[in-house]
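Let me begin by presenting the structure, written as structure tokens, before commenting on it.
Here the structure is a predicted model, which is why all the values come from computation and not from measurement. The analysis underlying the following values was restricted to heavy atoms, covering all of them including side chains, and did not include hydrogens, waters or symmetry mates. Throughout, protein chains are lettered first and strands after them, A, B, ... in sequence-line order, and every chain is numbered starting at 1.
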Protein chains: 2
Amino acid sequence: MWQQRIRLSSLHNKVMPAEQAVQFIQAGMTIGMSGFTRAGDSKAIPIALAAKAATQGPLNLTLFTGASLGNNSDGLMAESNVLARRSPFQVDATMRRAINQGKVLFYDQHLSELAEHLRAEPGKPIDVAVIEAVAITEDGHIVPSTSVGNSASFVAQAKQVIVELNTAMPAELEGFHDVYLPKKRPGRAPIPLTSVNQRLGTNAIAVDPERIVAIVLTDTLDSPSTATPPDSETQSIAQHIVRFLENEVAEGRLDHSLLPLQVGIGSIANAVTQGLVESDFKDLTMYSEVLQDSAFHLLESGQLRFASASSITVTAPMMQHFFSHLDQYRDRIVLRPQEISNHPEIVRRLGIIAINAALEFDLYGNVNSTHVSGTKMMNGIGGSGDFARNAHLSIFVTKSLAKGGAISRVVPMVSHVDHCEHDVDILVTEQGLADLRGLAPRERAELVIQNCVHPDYQAALQDYFERACQRGGHTPHLLEEALSWHLRFEEHGSMHQQETAKA
Amino acid sequence: MWQQRIRLSSLHNKVMPAEQAVQFIQAGMTIGMSGFTRAGDSKAIPIALAAKAATQGPLNLTLFTGASLGNNSDGLMAESNVLARRSPFQVDATMRRAINQGKVLFYDQHLSELAEHLRAEPGKPIDVAVIEAVAITEDGHIVPSTSVGNSASFVAQAKQVIVELNTAMPAELEGFHDVYLPKKRPGRAPIPLTSVNQRLGTNAIAVDPERIVAIVLTDTLDSPSTATPPDSETQSIAQHIVRFLENEVAEGRLDHSLLPLQVGIGSIANAVTQGLVESDFKDLTMYSEVLQDSAFHLLESGQLRFASASSITVTAPMMQHFFSHLDQYRDRIVLRPQEISNHPEIVRRLGIIAINAALEFDLYGNVNSTHVSGTKMMNGIGGSGDFARNAHLSIFVTKSLAKGGAISRVVPMVSHVDHCEHDVDILVTEQGLADLRGLAPRERAELVIQNCVHPDYQAALQDYFERACQRGGHTPHLLEEALSWHLRFEEHGSMHQQETAKA
């Protein structure tokens, strides 16, 4: 079977077990692995690397990926002395612990930028690229699986390439990808994309077959999506957004097909997309980095005409459905390199409506997407900044409370800023929506207090704001109290002032 | 004389005094005025508006401009009950006070984005555009003066247009401008610019002459640049940058013509450009928002081949020199709308080297460009975010101390974030340069402490960092102390710990 998938027969003799393929990966090397939001990641090499480190000692690799890996790979590599450095994104609890202990040095980066940074560093190439594929063409080119991510950039710059040929995925995924990369500067041309369904490049990742040093056969599927189904709060968030967009149409600022949608990964984002299924919007398009179950529901309902992304991250049943109906989706989905799916040039040109999750936001519209209490990394900024800065509408969503009410996600001052006040148009919680466009900070604060914060914290936030305004300033703050809510939680387990008094 | 400059003679009867022209501006209106970094601003209408408000009561105008105005216009309008709202940038002490008191509501915005936001708001047009010109063409089109800024966008959307024809400036400025605006979305094409000297549009701002309701004659020059000459500290900053860029060339990451330079406005930025005059770089280009004296020195020395910007803001002697040698510069300078000079699409495509001033930066590379002590607005974010996010190299510069040493511009945590850690590559003070590319936060902190902070604050910053690391986290902080340096300054007039002890 696998022989048919390696259509350049001279590569057949490169097939070998993962344990043998990792001979090409030496301590201290820089490795570029496929994988974006747990889709299309390398399945076998991380396990073989952990085994190699167990017998031969720490590998201290620098590992670049598209975004997060699945199959517990990040966790395994973090606890097995495989990695010294990691970039640009991860979602694994064990990896997160290693990062927060300073054991793995993490470079948290806008997802559109890693490829650009690598291209600008001729002196620091990728030593080995490890790329999951569903086929290798007659020319030896690599057909990716469920994501493109940074794979084409890694291959372009890698001295050696290891292909993981995944026979558990249909070879008929060939044709869903559009591989196009911008050229080195100076002298770069515009990226010619002007509509979401436009194809710019090739079906496979070009590579001189001589650089393919090993092919490892695998048959493990991607880790399924962990997004939970919508609940009453995420449904409220979705309803606020749908109502807001309906009003934009009524005011003549958008038409019924809106503008291309980008929706971040996770349960809230999934619920928001799901909310569109019950809306009257038609002929929608998506220009996003990841397609979740809800995107397929919208495609099924007919409301979504076309979806462009860099990966498909869905539940196991939805992946089965997709694999069984590939021809039905062939003309309605394209997977692109993350540099293109997230490129500021395209985001601004198309006028994306960007919907991303916030960890917390503050009175004035600053958003923290990454750091718990300003110090502990969660996952990374991901693509949110690529989209939010240049979007037609930059929307951030969160539930107003966390930890059973001990945490307010709406605070006086965020403890870390990933999206500054200049990049945030709309804030939404289950309580309501604040449209900050064109408003001065004091006006934004009033809307955030009125519409977004949970009633349990409303009086305290109002009190902070009023006392801050008495001191004056364009963006009124009480610096000695600005981070006190976070401190109270750290010290007393709750941001509530009453409970602090009791403690 | 002025008759020759208004080449569509049917417009001659629109010439009227400013006092009469302001009849078209009514209380509550939205006004778009020319002017970018004090260049090419309206000279007469602000004075007439102040007089109108004095006799007729508060005008409560919403005022949009390119960037800052000169001639004390912002101050006059702020103290004369002319304005309710102001966007996107200002540098006036009186206006600043009104903003910080909440009397004028200020919307601080990326300079590339105002035009985009206006275009997306069909329901909120500009009531009156007030545009400085050096001529009006046979077709009634407007030839701007020393800046383009947002003038073309304002004219495109204005119900009525007032032209200020400035006869103190040479009519031969015609030909220096390239007016091109992106179309409304959806269906927008790529901006076709691929080199700094490329022309995309027209020499003048197209307008139906019927919409020109008044022409006011003026003969006042722009307010001259207030940039101070280089001093030993700003020269050190320049030297650190030149040495860094030389090393980039040596490492093969840049060639001797570098990549197009963007240099922010102000004394440090001016000194940095001046530093390039003494370098070995050749065939340089500039793709910036403003040209200061130093840009002309580089053009004179022959090292700068071509400069693209949105305005010319120079000292009085340099403006005189420029006006006297226009033909010498005609093929080496182009002035563009700020939406194009600052456009993320172009910044990323060309691979700009962006050098901008910071108000303060922190251990981990976050930059505050706007807020004193996190509350009081200085000027606004300006174009720094347009460039820093998408640049090939994003460099921020500041002197390490302010107020005679009472303020360290390198702090544990900035009190306001305009440029997050993800957008900052290089930090420079007179002490040295920190190259943060690819580094985890803990590594960045070590470089910032070693290379950037003033020796007077080095031990305290090191102490903070070490104690924070003991608590752990990807980005170690002591939340209860993170803003304590700012608080100490507010309370005791100095960030120094010793002086606090004395107090």
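- Taking A:A440, A:C420, A:P190 one by one and counting their heavy-atom pairs under 4.5 Å with chain B, the maximum is reached by A:P190.
- Using a 4.5 Å cut-off between heavy atoms, A:E490 does not touch chain B at all.
- Within the 3.5 Å criterion, the main-chain N or O of A:R348 finds a donor-acceptor partner in the side chain of B:R185.
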As a quick check of understanding, evaluate side-chain contact (heavy atoms from CB on, under 4.5 Å) for A:N366 and B:V417, giving each step before the final call. CA-CA 9 Å; A:N366 300 285; B:V417 176; 5.9 Å; no

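- No more than 12 heavy atoms of other residues, nucleotides or ligands shown are found within 6.0 angstrom of NZ on B:K103.
- The contact between B:P186 and chain A is made by backbone and side chain atoms together, counting heavy-atom distances below 4.5 Å.
- With salt bridges taken as basic N to acidic carboxylate O contacts below 4.0 Å, one links B:E443 and A:R85.
- With chain B as the partner, the residue from A:R389, A:Q101, A:R97, A:Q109 showing the most heavy-atom pairs under 4.5 Å is A:R389.
- Nearest heavy-atom pair, A:F106 versus B:P441, reported as atom, atom and distance to 0.1 Å: O-CD, 3.8 Å.
- For A:S257, no part lies near chain B; criterion is any non-hydrogen pair under 4.5 Å.
- The two residues B:R349 and A:E345 have their closest heavy-atom pair at NH2-OE2, 3.0 Å.
- Between chain A and the residues B:E248, B:H343, B:K183, B:H117, the largest count of heavy-atom pairs under 4.5 Å involves B:H343.
- Between B:L478 atom CG and A:L483 atom CG the span is 12.0 Å, to the nearest 0.5 Å.
- In this structure A:A115 satisfies the side-chain contact (heavy atoms from CB on, under 4.5 Å) test together with A:R119, A:N150, A:S153, A:E339, sequence neighbours excluded.
- Only the backbone of A:L350 has a heavy atom closer than 4.5 Å to any heavy atom of chain B.
- Each of B:I191, B:D423, B:V347, B:I346 has some count of heavy-atom pairs under 4.5 Å with chain A, and the biggest count is that of B:D423.
- Considering all non-hydrogen atoms of both residues, B:L479 and A:S373 come closest at CD1-O, 3.6 Å.
- When A:G472, A:P476, A:G351 are compared by the number of non-hydrogen pairs under 4.5 Å with chain B, A:G351 comes out ahead.
- Checking A:D108 against B:H474 by side-chain atom types alone, no donor-acceptor pair falls below 3.5 Å.
- Atom CG in B:L105 sits 8.0 Å away from atom CZ in A:R442 (nearest 0.5 Å).
- Judged as a side-chain contact (heavy atoms from CB on, under 4.5 Å), and not counting sequence neighbours, the contacts of B:A354 are B:Q262, B:I352, B:N356, B:F387, B:A391.
- Side-chain contact of B:H477 with A:T375: a donor-acceptor pair under 3.5 Å is absent, judged by distance alone.
- Relative ring orientation between A:H416 and B:H422 is described as perpendicular, the plane-to-plane angle rising above 60° on a 0-90° scale split at 30° and 60°.
- Ranked by heavy-atom pairs under 4.5 Å with chain A, the first of B:H110, B:R471, B:H392, B:R437 is B:H110.
- The candidate with the highest count of non-hydrogen atom pairs below 4.5 Å against chain B, out of A:H486, A:E116, A:K376, is A:E116.
- Contacts with chain B were tallied for A:H371, A:R444, A:H419; A:H371 has the most, counting heavy-atom pairs under 4.5 Å.
- For chain B, no part of A:L114 is nearby; none of its heavy atoms comes within less than 4.5 Å.
- The parts of B:E480 that come within reach of chain A are both its backbone and its side chain, each placing non-hydrogen atoms under 4.5 angstrom from that chain.
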